[in-house]
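Note on naming: letters A, B, ... go to the chains in the order of the sequence lines (proteins, then strands), and numbering restarts at 1 for each one. Keep in mind that this is a model prediction, so the values were computed, not measured.
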2 protein chains.
Amino acid sequence: MSPNDLNEAGPSKQSLTAEAWAAAALDVMAVGGLDAVAVEPLARKLNVTKGSFYWHFPNREALVKAALALWEQRETVDVVSGLDQEPDPYQRIVNLFKRANSSYKSGRLYLALAAATDDVRVNEVVQRVSARRLAYLEKCYRALGMSAEEAPLWATFAYATFIGNQQVHRDTPHTFPAGPKFREYFKLMLRTLIPKGATP
Amino acid sequence: MSPNDLNEAGPSKQSLTAEAWAAAALDVMAVGGLDAVAVEPLARKLNVTKGSFYWHFPNREALVKAALALWEQRETVDVVSGLDQEPDPYQRIVNLFKRANSSYKSGRLYLALAAATDDVRVNEVVQRVSARRLAYLEKCYRALGMSAEEAPLWATFAYATFIGNQQVHRDTPHTFPAGPKFREYFKLMLRTLIPKGATP
DNA sequence: CGTTGCCCATACGCAGGCGTATTGATAGAG
DNA sequence: CTCTATCAATACGCCTGCGTATGGGCAACG
């Protein structure tokens, strides 16, 4: 837990910021979906009343927008920072997979957000984030020497696989390979999804 | 459209059945998620009032249960009927993939249901359906001569991939390969996810 | 024609979330 | 010490969905 842990019980005498509300909104989103972002329940969780909320935000709409912006920014810096440092394209894909399979919580958040197919604002953000990831993957495959026709297919393939992994992991947790089995599974995916040549 | 098309405008003088309500519930679920299954909005969509609903069901809970039961039954008969007729295990997997990538609507429904992670009833059903699909895939891989250690890994891999395909297709529709590109993509997945030997 | 059962409409009270208005508390500036 | 700006609590009205109670229409059957 960070020093200024929010959305937890306890006084936490520090005044709430708008970003704290947005972060709390993302937390409940990961569990209850977009509809779970409700002002009064959130206020209860933060040990305040909605009197506080309506000082920081004009309405619920603004909170949703702020939460989505925060999420997109997190996801985007997540991609550029650290990941792009790696020179080897093969290792870049490996790192992507590692990251995708490690952060279970952020995976849940993506799935919860993407499930809000009826909300236009959410759809736009999800689309941008997904498209960025796909473009990044495609770039990696091209760096591996793949043609402009093949790369997008492999990128979609790989991306679908690790999005699907998060889904399967969430939906049937006890069936998903764990421990040493997961290491096997991981290696299987890597050698299957990164074709020929270019080993590190 | 079937002769007794429900959940559409128009009088449709035929009396509503409980299953019609359940089917309509599944329809709105595929778009708005579990929370969209609300009695009064559904009644409006069916051109009746909730007076009708509360004759067929004791409460909203019962409707959700009925809808889930209907869904599970659909998904289950979907697997056993027609699919298990095919003798060749390779072709069985191919058919699975074809079916997964063809029924866009049913894919959306699965994703919407699976997103309701906070609901216990939904989780149980989703878990059973997913587990059944995984077990079926594993059986296919074993029929291809795969070992008891490898088969579950490949089954999870393949299942994650086509669940992920539905997700990517939904989240970034314009990026997803279409037309001839999709045929390429499909062949790529098949030859990658069904290893060596056992070609038809 | 009357009665009975099936299916639905209407009207009501209740609960919970949204947004507003008003007041209160606290810290820092002067 | 006073004043002011910041942040939060309280109280209110509104809307919407849930569940109940009651009554109405209609077909089948006697």
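Between B/F57 and B/F53, the two ring planes are parallel [angle under 30°; tilted spans 30° to 60°]. A perpendicular orientation is assigned to the rings of A/F157 and B/Y185, their planes being inclined by more than 60° (bins at 30° and 60°). Taking the six-membered ring for Trp and thresholds of 30 and 60 degrees, A/F176 and A/H169 have nearly parallel ring planes, at less than 30 degrees apart.
Seen from the ring of A/Y110, A/R133 counts as a face-on cation partner, given the 6.0 Å and 45° thresholds.
The nearest whole Å value for the distance from the CZ atom in B/F57 to the P atom in C/dC8 is 12 Å. Separating the CG atom of B/D35 from the C1' atom of D/dT16 is a distance of 14 Å, rounded to the nearest angstrom. Computed from coordinates, the A/N47 CG to D/dA8 P distance equals 12 Å when rounded to whole Å. Residue A/W55 contributes atom CH2, which lies 6 Å from atom P of D/dT6 at whole-angstrom precision.
Not counting sequence neighbours, the partners of A/T117 by the side-chain contact (heavy atoms from CB on, under 4.5 Å) test are B/R108, B/R170. The salt bridge (Lys or Arg N to Asp or Glu O under 4.0 Å) test applied to A/R121 returns A/E61, A/D119, not counting sequence neighbours.
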Q.
Each nucleotide in nucleotides 17-24 of chain C should get exactly one letter: B, S or -. Can you fill that in based on protein heavy atoms under 4.0 Å?
A. BBBB----
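OP1 or OP2 of C/dC8 sits under 4.0 Å from a side-chain N or O of B/H56.
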